[in-house]
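Everything on this sheet refers to the single structure shown next.
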Protein chains: 2
Amino acid sequence: MKQDVKSEITKNLIVTKAFERFYQYGFNNTSIDTITSDLKLTKGAFYHHFKNKKELGATVIQQKIKDRILTGMIAPIYNHPDTPSKELLKLLFVERIQSFSSIEKNLGCPVNNFIHEIGNTDVLYQNALKNIIEEWQHALAELIEKGKFNKEIKQNINSNATALYLISTFEGVRGIRKLYNGNDIIINQYILALENYIDSL
Amino acid sequence: MKQDVKSEITKNLIVTKAFERFYQYGFNNTSIDTITSDLKLTKGAFYHHFKNKKELGATVIQQKIKDRILTGMIAPIYNHPDTPSKELLKLLFVERIQSFSSIEKNLGCPVNNFIHEIGNTDVLYQNALKNIIEEWQHALAELIEKGKFNKEIKQNINSNATALYLISTFEGVRGIRKLYNGNDIIINQYILALENYIDSL
DNA sequence: ACAAAAACATACTTACTAGTATGTTTTGAT
DNA sequence: ATCAAAACATACTAGTAAGTATGTTTTTGT
């Protein structure tokens with residue numbers, strides 16, 4: 001196999017496996033050894049492709065975590081250009097949270113987990129995570145602006161603040177839900193209040 | 001000094017110092033040695049009073065973290081029996097978040113941090129943290145019920161769901177704020193959207 | 001005063017993990 | 001075919017941290 005292709009494949013394998021492990025066990029509770037041995041690789045391979053664990057962490061955020069938000073939360077906004085704003089807002093959050101597997105509900109949100117575990121330990125992480133939140137907020141704010149333009153949403157609504165409010169609640173609930181192994185009462189209450197909130201906009 | 005008094009004092013010193021360290025550096029990044037050496041004590045003293053680190057963690061949650069929520073978020077609800085519900089709701093969250101020092105804003109919320117760091121690693125932690133959230137939610141729901149009774153709040157509002165929604169947003173924002181070292185734009189946006197939300201109830 | 005138990009100290013073990021030094025195999029350009 | 005560099009392996013270092021074993025000091029009930 002060509003070297004550059006092989007290199008890319010190995011890097012991707014490491015980043016993908018790292019994301020899985022980080023999500024399930026946390027960044028600090030995942031050693032380089034467990035990641036590489038899962039892939040039948042060794043430390044030598046890892047440190048050939050990555051400078052250190054921090055670089056791996058940043059790569060996982062920039063690629064895997066960002067992709068998860070892009071695919072799951074941002075892309076759907078643009079995939080439904082004809083759906084009324086409020087309806088789409090409800091769809092986005094309600095369907096998303098209901099689509100999670102029991103494991104994902106118990107494990108919480110990867111972005112949020114990373115924010116709390118290493119989000120304020122290094123500027124590198126901070127900026128990578130901030131970038132994800134801000135793109136998400138921006139996309140939502142655009143949708144809200146569209147709703148205002150179409151007179152579906154009240155003119156005095158601040159779109160950026162509302163976007164942040166929606167994201168915060170979503171992340172907050174996913175955190176609290178981690179305490180309720182297998183019990184969805186929290187999620188159902190969230191959906192109730194969320195629909196009421198969106199109606200009020 | 002009497003033994004039981006001395007024992008209580010030492011235990012309290014350890015729990016208090018542990019809370020400080022856990023809040024600032026996290027549970028996993030705080031060693032027993034740093035806690036005890038801060039107090040001019042040794043491992044021997046610690047393991048005489050606590051079975052293990054897990055017991056210390058649970059005690060910190062049950063005492064320090066719970067007390068923080070009780071004092072900062074729950075007690076004020078009952079200290080203002082004559083304030084209209086919506087006004088009090090705004091006061092509770094807005095004044096609270098504005099009262100935090102720059103350090104506290106950067107460090108986030110202790111409950112939330114614990115939830116994310118060890119909240120789903122052990123049933124002991126899970127229950128202790130759940131208890132805090134549920135007492136908080138219950139107190140807020142009571143206030144909302146009172147508002148409904150007084151016709152300040154719409155009758156179709158679900159008080160438990162709304163209480164959870166308020167808590168979730170607060171915790172979510174405090175998480176995201178951790179990415180914005182010293183920048184309060186997030187908090188200002190939160191306040192804007194929060195006031196709008198409470199008005200809509 | 002004294003024996004026992006509580007309170008605390010010292011020294012050690014064990015386990016884990018990030019990172020390094022160095023060696024071997026594979027790939028690619030000439 | 002061959003030499004250099006990339007890709008990966010092996011073995012090691014060093015630091016950290018939870019927990020234990022055991023010793024010393026202080027308190028307490030009699």
Side-chain angles (χ1 to χ4, degrees), chain A residues 1-61 113-114 117-118 121-125, chain B residues 1-61 113-114 117-118 121-125:
Chain A
M1 200 190 297
K2 285 220 169 187
Q3 271 185 348
D4 53 347
V5 174
K6 187 165 188 170
S7 176
E8 268 307 301
I9 288 177
T10 304
K11 267 203 240 180
N12 272 323
L13 282 172
I14 292 174
V15 171
T16 301
K17 180 59 71 179
F19 169 71
E20 281 175 32
R21 287 262 166 193
F22 291 166
Y23 185 32
Q24 191 155 21
Y25 305 103
F27 179 79
N28 290 314
N29 288 321
T30 301
S31 70
I32 307 298
D33 277 325
T34 61
I35 295 170
T36 49
S37 74
D38 271 8
L39 301 167
K40 319 279 180 204
L41 290 172
T42 60
K43 263 190 153 59
F46 176 80
Y47 282 97
H48 176 72
H49 292 286
F50 295 90
K51 195 181 151 213
N52 49 32
K53 196 182 178 185
K54 182 184 287 185
E55 191 177 278
L56 174 64
T59 306
V60 166
I61 294 172
N113 293 353
F114 261 80
E117 193 173 5
I118 56 173
T121 61
D122 197 284
V123 195
L124 188 64
Y125 299 139
Chain B
M1 198 189 299
K2 286 221 172 186
Q3 270 185 347
D4 53 348
V5 174
K6 187 166 187 169
S7 176
E8 268 308 300
I9 289 178
T10 304
K11 266 202 240 180
N12 272 324
L13 281 173
I14 292 174
V15 171
T16 302
K17 180 59 72 180
F19 169 71
E20 281 176 32
R21 287 262 166 192
F22 291 166
Y23 185 33
Q24 192 155 20
Y25 304 104
F27 179 79
N28 290 314
N29 288 321
T30 300
S31 69
I32 306 298
D33 277 325
T34 63
I35 294 169
T36 49
S37 74
D38 272 7
L39 301 168
K40 319 277 180 207
L41 290 172
T42 59
K43 264 191 152 58
F46 176 81
Y47 282 97
H48 176 73
H49 291 286
F50 295 90
K51 194 180 150 215
N52 48 34
K53 196 182 176 184
K54 181 184 289 185
E55 190 177 281
L56 174 65
T59 307
V60 167
I61 294 172
N113 293 353
F114 260 80
E117 194 172 4
I118 55 173
T121 60
D122 198 283
V123 196
L124 188 64
Y125 299 138

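Naming: A, B, ... by sequence-line order, numbering from 1 per chain.
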Rounded interatomic separation in angstrom, taking [atom1] from [X] and [atom2] from [N]:
| X | N | atom1 | atom2 | answer |
| --- | --- | --- | --- | --- |
| A:L39 | D:dA7 | CG | C1' | 15 Å |
| A:K11 | D:dA6 | NZ | C1' | 12 Å |
| B:E55 | D:dA18 | CD | P | 15 Å |
| B:N12 | C:dA7 | CG | C1' | 16 Å |
| A:D33 | C:dA18 | CG | C1' | 9 Å |
| A:F46 | D:dA6 | CZ | P | 19 Å |
| B:L41 | C:dA7 | CG | P | 13 Å |

Which pair of heavy atoms, one from A:T36 and one from A:T42, lies closest together, and at what distance?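 Closest approach of A:T36 to A:T42, heavy atoms only: CG2-O, 3.6 Å.
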Heavy-atom pair of closest approach, residues B:K53 and B:Y125: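 B:K53 and B:Y125 have their closest heavy atoms at O-OH, 4.4 Å.
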Under 4.0 Å from OP1 or OP2 of [N]: is there any side-chain N or O of [X] that close?
| X | N | result |
| --- | --- | --- |
| B:T10 | C:dC8 | yes |
| A:T42 | D:dT10 | no |
| B:H49 | C:dC8 | yes |

Give a yes or no on whether the backbone of [Y] and the side-chain of [X] come within a donor-acceptor separation of less than 3.5 Å.
| X | Y | result |
| --- | --- | --- |
| A:T34 | A:T30 | no |
| A:T16 | A:N12 | yes |
| B:S37 | B:D33 | yes |

Once each nucleotide of nucleotides 20-30 of chain C is scored for protein heavy atoms under 4.0 Å, what B/S/- sequence comes out, 5' to 3'? B------BS--
Testing B:I9, B:V60, B:L56, B:T59 for side chain to side chain contact (heavy atoms under 4.5 Å, CB included) with B:I14, which one passes?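 Option passing the side chain to side chain contact (heavy atoms under 4.5 Å, CB included) with B:I14: B:L56.
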Considering only heavy atoms from C-beta outward, does the side chain of A:F50 approach that of A:V15 to under 4.5 Å?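 Answer yes - side chains close enough.
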Pairwise side-chain contact, B:F22 with B:N113, heavy-atom cut-off 4.5 Å (strictly under):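 B:F22 vs B:N113: side chains apart.
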By nearest atom, which of the nucleotides D:dA6, C:dA6, D:dG19 is closest to the A:H48 side chain?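 For A:H48, the side-chain atoms sit closest to D:dA6.
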Distance check, rounded to the nearest 0.5 Å: B:K17 atom NZ versus B:L39 atom CG?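 Between B:K17 NZ and B:L39 CG, I get 6.0 Å after rounding to 0.5 Å.
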Between A:K54 and B:E8, name the one whose nearest nucleotide on DNA chain C is closer to the 5' end.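 Looking at the nearest nucleotide for each, B:E8 comes out on the 5' side.
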Name every residue in residues 21-32 of chain B that has at least one heavy atom under 4.0 Å from any atom of DNA chain C, in order of residue number, or write none if there are no such residues.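 Output list: empty, so none.
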